[in-house]
S.K.: 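Right, I'll just put the structure down here and ask away after.
For ligands, and for the atoms within them, numbers begin at 1 and follow the listed sequence.
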Amino acid sequence: MGCKVNQAEAAWLELELTRLGWRAAAAGQPAELVILLTCSVTGPAARQSRQMARRLAKAHPGARVVVTGCDLQAAPETYQGQGYELAGRAWLAELPARLTRGRPLPEPANAAPDAGPFCPGQRPPSAERARSQLKVQDGCDAFCAYCVVPYTRGRPRSLPVDSAQQSLARMARAGAAEVVITGIHLGLYGRDLDPPCDLADLLRGLLAMGPGPRLRLSSLEMNEVGDDLLELMAGRERLCPHLHIPLQSGSDQVLAAMGRPYSAAQYAATVNRALGRIPGLCVGADVLVGLPGEDQEAFEQTRGLIESLDLAYLHVFPYSPRPGTPAAAMGHPPPRVARERAAVLRQLGAAKHRRFLESQVGRRLEVVVERRGLGRSQNYCLVQLDQPARPGQRLVVEARAVDREAEPPRLLTRNLP
Ligand code: SF4
């Protein structure tokens, strides 16, 4: 369940279990072992995790059902006494070996989530998915008032550069055409290493390996988009011109109350600086609506800020209080208001996205083929190809028009030699 980091961890667990002699059960067949990585980032994600645990136990009678991940860490009592085996996040990296050797699983109450070794995360390419993921960072100590992640994943930790290089080389050998570099708070990469380094150092290390899959960054906080990074992105073809920079709110008051360390003006300045430095750059944002303190005026400030920026897309989420976080004790707008505000911003996001696609018409784009005649450009545009091509193939195309009726909208293109 949940974020790209969970997906990368799940894929790594599968790789490790396979290496230790397990085989994946065919779809629809009963399994002997089921592992669920839960998510607790929002109320609905936690609910879905609990439903999924019940559904898996029912679908695989007699199987060992192992529950782990963020929601187990946040609310262990909801999974206790239901016949699942519970595995604390601290020992996720050891889970395949423990399961294979029949050693007991440490329960979440026994250890802080960051007490054990760094859990790797690698999602290699497959027939259905050309984009792969490499986890290089875990944990966060920013403690934004609404966020449960620092409690479920613990302090920031990083994969050393040489280990990341080895993982990338493995993914390249497995045929990856694009690797998304992921982390829980990616901008904190390297601060815990000895000697300390940063994300730009990691990227330089990965790019120095020579030709290989193109690299895309997952999400980066606005105060971590430094000149060093922009310079790298502007000058290296292999580093996709794409930044996903969470905004969350355009109201200074709400940002301060939520412990987000920037103002709306600083956010705008960062986005505009990046857009000015990198031609064709795709900048996307997350926004949370219905946060504590978000009155109508604060919401209008968020809408106004988004309208003023050349964002390429928006991910909009209604806020849901997470038990144990400071924001859960604060009042917040009713869910109906949050839903209405989310609908307004999603519409605005869709309009921004179409405008971004239109700005690409006439441009030459490098594309990695996904499925069903679709591909993704370096700057994250969905592209309809005019000729059949195999997933993972790299092509150069010219954007001819925007198909606004398609869902999601996409660029219509022509292959270039
Ligand atoms: S930066 Fe804030 S929102 Fe992001 S994971 Fe850390 S605490 Fe959560």
S.K.: When the ring planes of H353 and Y313 are compared, do they come out parallel, tilted or perpendicular, using 30° and 60° as the limits?
M.R.: perpendicular
S.K.: Within 45 degrees of the ring normal and closer than 6.0 Å to the centroid, is that where the cationic atom of R376 sits relative to Y380?
M.R.: yes
S.K.: What is the nearest protein non-hydrogen atom to atom 4 (Fe) of ligand 1, stated with its residue, atom name and distance?
M.R.: E221 OE2, 3.9 Å
S.K.: Answer with yes or no whether Q248 contacts ligand 1, where contact means a heavy atom under 4.0 Å from a ligand atom.
M.R.: no
S.K.: Pairing donors with acceptors under 3.5 angstrom, does anything connect the side chains of D252 and Q301?
M.R.: no
S.K.: Closest non-hydrogen protein atom to atom 3 (S) of ligand 1, residue and atom name please, with distance?
M.R.: Y146 OH, 3.5 Å
S.K.: More than 12 heavy atoms of other residues, nucleotides or ligands under 6.0 Å from CD of Q384: yes or no?
M.R.: yes
S.K.: May I have the list of side-chain donor-acceptor pairs in residues 225-236 shorter than 3.5 Å, sequence neighbours left out?
M.R.:
residue, atom, partner, partner atom, Å
D227, OD1, R273, NH1, 2.7
D227, OD1, R277, NH1, 3.4
D228, OD2, R204, NH2, 3.3

S.K.: Could you check whether the rings of Y151 and F143 sit parallel, tilted or perpendicular, using 30° and 60° as the cut-offs?
M.R.: perpendicular
S.K.: Picking from D114, D141, D192, what satisfies side-chain hydrogen bond (donor to acceptor under 3.5 Å, both in side chains) with R155?
M.R.: D114
S.K.: Can you count the protein N, O or S atoms that lie less than 2.8 Å from atom 6 (Fe) of ligand 1?
M.R.: 1
